[in-house]
2 protein chains.
Amino acid sequence: MKPEISDFLPYLLNQAAELVSRDFQPFYKDRYGMLRTEWRVLFHLGHHGEMTAKQICEQASIHKTKVSRAVTALEKKRFLRRETLEDDRRFEALSLTPAGKAAFDSLAVEAAAFDASLEDMVGQDDFEALKRMLNHLIAKKS
Amino acid sequence: MKPEISDFLPYLLNQAAELVSRDFQPFYKDRYGMLRTEWRVLFHLGHHGEMTAKQICEQASIHKTKVSRAVTALEKKRFLRRETLEDDRRFEALSLTPAGKAAFDSLAVEAAAFDASLEDMVGQDDFEALKRMLNHLIAKKS
DNA sequence: TATTGTTATACTCTATAACTATA
DNA sequence: TATAGTTATAGAGTATAACAATA
């Protein structure tokens, strides 16, 4: 018995990720002109406060070239400012401007609501289990 | 309490999908030079036999432009042949050549083994639950 | 006019190597 | 020599409009 495509986990993950991403994309794209990596970097800075690019790379599992470009784009949008660290001038402290904070606050609320709508879709218990499994899978594969 | 990124389902889905896809990609790419959509189209034709492009679009939820390009690429690799339907000359019956069938047979085995390795990773019960939830989510979002 | 499939085009995302500035 | 971050480039994936051929 050959497997159907709906039994192949890589396909399911990709399809689900794509559909969900496409639904959330308008929130950061249409209003703020951000790309996905920019939204993620903004998310991390909004959540953790001042960080270096390297810290964002590590915490978010994003390659340094992507972070570098996202930081440049967010800076151009006046959502982020950088300050070279005097201890070690290779590092820059990245932080959100008031405009960046405002965007983050608004998007964080919308993200939470979006996540809640997904929770409604699959049910509360399943939703927690789903997140747990995905985190487990990601940890194993990273 | 602001949400961590590991609590945001779109992020988790995308990260898991990317890591898993990257692991499976070598099977169809390195040996057969296929792209992801080509592998999916091959999968469908191998599983269901003769189909039209429209049927593949519907069953696999792939846009017609992607299927069209994948079909062209698979034809160039001599994995697929087309035959215009005389009933309605807008349609073409697509089917795998012997070389295409051989590639499918080999890849189907490897895909099943890969899927099984993911099952080992998350545990059998969770694995079934995970697939069920993803299928549910996909159905709701499509 | 509607449908199947193709082509053109632009944008988004990923991956890697080479580079700079600093340590 | 090593590390933080940048730039260049190619490849892969996605989205949409316009089109040709057939019905």
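Naming convention: chains lettered A, B, ... in sequence-line order (proteins, then strands); numbering from 1 in each chain.
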Point to revise | Side chain proximity check, B:R69 to B:L35, heavy atoms < 4.5 angstrom | key: no
Check your understanding: D:dA20 base to B:R89 side chain: any donor-acceptor pair below 3.5 Å?
Key -> no
Check your understanding: Using the benzene-type ring in the case of Trp, are the ring centres of B:F43 and B:Y28 under 6.0 Å apart?
Key -> no
Review point. Can you check the A:D30 CG to C:dC11 P distance for me, whole Å?
Key: 15 Å
Review point. Does any N or O donor sit under 3.5 Å from an N or O acceptor when you compare the side chain of A:R22 with the base of D:dA15?
Key: no
Review point. Does atom CZ of B:R132 have more than 12 heavy-atom neighbours from other groups under 6.0 Å away?
Key: yes
Exercise for review: Specify the residues of residues 12-21 of chain B, ordered by number, for which at least one heavy atom lies under 4.0 angstrom from an atom of DNA chain D.
Suggested key: none
Practice item. Report the nucleotide, chosen from C:dT22, C:dA2, D:dA15, that has the shortest atom-to-atom distance to any side-chain atom of B:R90. Key: C:dA2
Practice item. Could you check which residues of residues 70-87 of chain B get a heavy atom under 4.0 Å from DNA chain C? Sort them by number, please. Key: B:R82
Review point. OP1 or OP2 of C:dT6 sitting under 4.0 Å from any side-chain N/O of B:S68?
Key: yes
Review point. For D:dA12, does either OP1 or OP2 sit under 4.0 Å from a side-chain N or O belonging to B:K29?
Key: yes
Review point. A:D88 side chain: which of D:dT22, C:dT22, C:dG5 is closest?
Key: C:dT22
Practice item. Give me the residues of residues 48-64 of chain A where at least one heavy atom lies under 4.0 Å from an atom of DNA chain D, by number, or none. Key: A:T52, A:A53, A:K54, A:K64
Practice item. Please figure out whether A:T65 or B:K66 has its closest DNA chain D nucleotide nearer the 5' end. Key: A:T65
**Study point:** Sugar-phosphate only, base, or nothing, as touched by B:R69 at under 4.0 Å among non-hydrogen atoms
**Key:** base
